[in-house]
Amino acid sequence: MSDAAPAIELKGISKAFGPVQANKDISIRVMPGTIHGIIGENGAGKSTLMSILYGFYKADKGEIFIAGKKTSIPDSQAAIAAGIGMVFQHFKLVENFTVLENVVLGAEDSGLLRPSLARARRELKSLAEEYELNVDPDALIEEVGVGMQQRVEILKALYRKADILILDEPTGVLTPAEADHLFRILENLKREGKTIILITHKLREIMEITDTVSVMRRGEMTATVKTAETSPPQLAELMVGRKVLLRVDKAPAQIGRKILEVKDLNVTDSKGVHRLKGVSFDVHAGEILGIAGVAGNGQSELLEVLGGYEKATGSIKMNGEEIDLTGTKSNGQSRRARGISHVPEDRQREGLIMDFQAWENTAFGYHHDARYQKNRFLMDNAAIRKDTEEKMARFDVRPPDPSLPAKSFSGGNQQKIVLAREIERNPDLLLIGQPTRGVDIGAIEFIHQQIVALRDQGKAILLVSVELEEILSLSDRIAVMFDGKIMGERMPQDTDEKELGLLMAGMTTEPRGPLHEAVEAQLATAGSGTAKEV
Amino acid sequence: MDVMPKWADVVLIPLISILLAAILSALVILAIGENPWAALKLMVSGALGSTYGWGYTLYYATNFIFTGLAVAIAFHARLFNIGGEGQALIGGLGVAVICLFIPWPHWTLALLGSAIGAALFGAAWAAIPAFLQAKRGSHIVITTIMFNFIAAAVLNYFLIGALKAPGMEPATPRFPEATHLPSFQDMFNFGETTFFRGAPANVTFFVAIAACLFLWILIWKTRLGYELRSFGHSESAAKYAGISPTKIIMVTMLISGGLAGMMAINNVQGEAERLVLNAVEGAGFIGIAVALMGRSHPFGVLLAALLFGFLYQGGAELALWTSIPRELIIVIQALVILFTGALDNMVRMPLERLFLAMRRAKT
């Protein structure tokens with residue numbers, strides 16, 4: 001370690017929200033000119049810590065030193081003044097402003113805009129050259145892709161003379177190529193002496209780009225290690241507090257008969273946007289079909305149509321029988337009656353009623369089932385409760401208390417409640433969207449095992465995920481969606497993240513030609529926004 | 001994890017709110033040069049000090065139970081039915097038609113008939129805003145409040161036209177003897193001592209209690225209640241589960257309107273024994289406060305309705321025996337509504353902090 005003062009030093013930071021101790025006596029030293037990763041499960045306290053550093057929250061206890069000097073950061077203005085810039089997970093941009101206007105917003109030189117804009121334009125140009133941070137200054141934010149939006153956020157921070165850059169889960173919305181581009185930018189920034197704090201829950205990113213990594217668990221800093229001296233299994237163990245299986249162990253698939261047959265599915269939403277454009281595929285018994293793609297390319301609509309709450313044209317056959325897609329009887333109830341279970345992408349908005357108790361959620365969607373009725377008029381709440389207790393035991397839901405409202409469970413345990421409800425119904429087909437989003441590593445392992453176990457019972461599974469790693473490790477066959485279409489199907493053993501990444505960006509990978517390589521190269525260097533722009 | 005124990009939420013917060021409203025009311029009474037302690041004593045003795053007072057308190061409470069339940073059931077489906085006033089007016093029309101045009105042999109049958117009539121008329125009046133909300137997305141707050149005005153006009157039309165009794169007054173003829181409901185005075189007459197003499201409370205109070213029980217079962221024990229609570233908590237989740245928003249909005253509003261309409265059994269058939277203009281007298285709006293204070297729970301509504309019944313009767317006594325003007329009594333009622341309904345969080349937040357500090361001190 002050099003003699004230089006740390007760029008940031010936190011000493012004994014504690015913060016409680018009500019009864020929850022979000023940060024407990026946290027100390028950390030971030031050396032200048034390094035990329036420092038902070039890794040931990042959801043709810044480990046990473047975001048709270050960074051919010052304290054950025055002046056959103058006030059710590060109950062503890063001190064902050066910036067470049068060796070004790071600093072108080074009561075609000076984000078003070079953080080900016082201290083040279084700290086933050087790129088949030090959810091961007092804070094004005095959609096109908098241009099890139100340039102967004103960069104200047106809040107940092108204008110005077111009451112008149114024109115001189116500020118001119119200065120910003122010059123500076124953006126030099127920043128772009130220096131760091132590969134190319135943006136179109138005159139494009140409207142709503143018209144550029146997420147990749148560029150993120151670069152605008154970084155530029156905003158640099159324009160405000162930030163020396164320390166905090167990025168909160170920056171790759172969540174990016175394609176693999178865009179993520180690579182971002183990492184190159186971060187390397188450039190580091191070379192110029194900037195300090196970067198990268199918050200993530202992805203082990204791969206930590207290993208790839210950071211110099212030092214700090215691990216958080218349950219509000220505490222459990223370790224800070226040099227990245228070169230650690231390994232993913234060790235980090236995972238530090239995060240979870242026990243040994244974790246990072247791979248999914250599964251036997252070869254025993255493919256059976258055709259369960260689901262989708263032909264030429266089309267969806268146009270209420271705004272007239274064509275969301276699904278002639279999607280066709282099959283899913284067989286004993287098979288996991290993984291649908292890869294960047295969020296917002298039609299996967300959600302596909303699940304909604306299959307789940308019965310989005311109208312569509314085309315044909316869906318379940319067990320060889322045609323499903324009604326437009327009638328008034330086409331709803332979640334009729335789909336469940338056909339043997340389709342659905343773990344929705346957004347469990348907090350769809351899969352659960354957060355204010356309902358766990359037992360009430362267990363009957364959700366199946367509240368017409370005969371086993372849950374006492375007589376023609378009354379539901380058998382005692383039976384539902386008992387059923388919930390059994391499910392909670394089998395799926396290791398913690399705490400196993402059916403009377404707790406869904407919102408008081410952690411993300412992983414909420415997902416287990418949904419999963420228990422849908423899997424235990426013994427469906428022919430399980431639709432499952434983003435099974436491990438916002439789920440802690442320990443629970444991810446369990447959820448993956450459950451999905452594979454269901455497959456091995458000869459059920460058909462349609463898996464939608466934006467996590468490529470998840471798609472690659474779970475799927476028996478992979479289809480990639482882009483712009484409402486299926487770009488191609490691959491077998492997981494014959495493909496890799498790079499090829500899937502290209503498909504996700506809307507390019508077909510065969511036949512490969514010079515043109516293709518040129519585009520690929522351009523994508524790699526320019527990283528032009530989202531897949532949609534390509 | 002909940003910050004506060006349930007009893008604090010259900011009992012302590014309303015009590016503190018009422019206390020604050022009482023303190024503020026006392027200051028207002030002081031400011032106009034009256035004695036708040038004497039005023040309170042008069043209110044209590046006037047509303048609760050005699051069976052006569054109780055008879056009025058329970059009569060008002062019966063009205064508020066019906067309108068409060070109407071708002072409460074709609075709240076569970078996250079629908080804000082402000083139209084209780086109009087639905088109760090039209091319910092009155094239903095009661096009048098049933099009582100005037102059908103020759104009832106006995107009051108029990110007449111009660112059954114008018115209950116059905118009142119509920120049907122009230123439900124029909126709520127059905128139009130409900131349909132507009134479900135199918136056209138017209139906001140139910142706007143449409144139900146508009147329908148209050150239309151209801152008043154409709155009632156006007158009938159009371160100076162088809163249903164008008166001979167004479168100068170815009171009112172229906174008196175209902176036939178056989179439809180008259182037994183008042184508490186009739187029911188609790190034990191020869192030498194007669195309770196509730198001259199008070200308007202009548203058998204409808206027991207119908208209201210039954211309605212509370214019915215609604216409690218409906219909300220917490222039936223599939224329909226389950227579906228409507230699901231819809232109320234999360235429309236997107238309800239769609240996922242295959243619950244039809246249209247069905248829930250329609251059914252909930254029909255029940256809500258029906259309950260509001262049933263208030264007319266009490267005030268039209270039970271008390272006035274004829275239908276007059278503006279028979280509801282604002283009880284539809286009080287129902288909103290009652291539902292808020294009762295946390296949309298049928299038993300909470302019952303308790304809150306009793307409190308407001310007390311305020312109404314106590315307030316009337318104040319106006320009668322002191323120089324405190326009638327308007328000030330409305331101010332007092334408004335303060336209670338303000339504190340128990342709108343300013344709920346003002347009490348809740350410090351209380352939550354207090355409980356938190358206590359819990360932390362313990363650990």
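Convention: sequence-line order gives letters A, B, ...; per-chain numbering from 1. Predicted model only: the values in this text are computed from it and were never measured.
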Test side chain to side chain contact (heavy atoms under 4.5 Å, CB included) on B:Arg223 and A:His368 and set out the steps.
CA-CA 8 Å; B:Arg223 269 194 309 284; A:His368 288 285; 3.3 Å; yes
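Counting only distance, with no hydrogens or angles, the side chain of A:Gln333 and the backbone of B:Ile243 share no donor-acceptor pair below 3.5 Å. Not one N or O on the side chain of B:Thr222 forms a donor-acceptor pair closer than 3.5 Å with the backbone of A:Phe377.
The part of A:Ile353 that comes within reach of chain B is its side chain, from C-beta onward, which places non-hydrogen atoms under 4.5 angstrom from that chain. For chain A, the nearby part of B:Glu227 is the side chain; its heavy atoms alone come within less than 4.5 Å. With a 4.5 angstrom heavy-atom cutoff, B:Ala238 touches chain A only via backbone atoms. At a 4.5 Å heavy-atom cutoff, the contact between B:Ile217 and chain A is made by side-chain atoms alone. Looking at A:Arg376, the atoms closer than 4.5 Å to chain B (heavy atoms on both sides) all sit in the backbone: N, CA, C or O.
A salt bridge between A:Glu350 and B:Lys239 is absent, with no side-chain N of the basic residue lying under 4.0 Å from a carboxylate O of the acidic one.
In terms of heavy-atom proximity, B:Ala241 sits nearest to A:Phe364 at CB-CZ, 3.6 Å.
For chain A, the option among B:Ala357, B:Gly242, B:Gly225, B:Ser244 with the highest count of heavy-atom pairs below 4.5 Å is B:Gly242.
Checked against a 6.0 Å centroid threshold, the rings of B:Tyr226 and A:Phe356 count as neighbours.
Annotation for A:Tyr372: atom OH counts as buried by contact number, over 12 foreign heavy atoms lying within 6.0 Å. Counting heavy atoms of neighbouring residues, nucleotides and ligands inside a 6.0 Å radius, atom NZ of A:Lys311 exceeds 12 of them.
Cation-pi geometry between A:Arg336 and B:Tyr240 is met: the NZ or CZ atom falls under 6.0 Å from the ring centre, inside 45° of the normal.
A:Glu360 is listed as a side-chain neighbour of B:Arg229, based on a closest heavy-atom distance under 4.5 Å.
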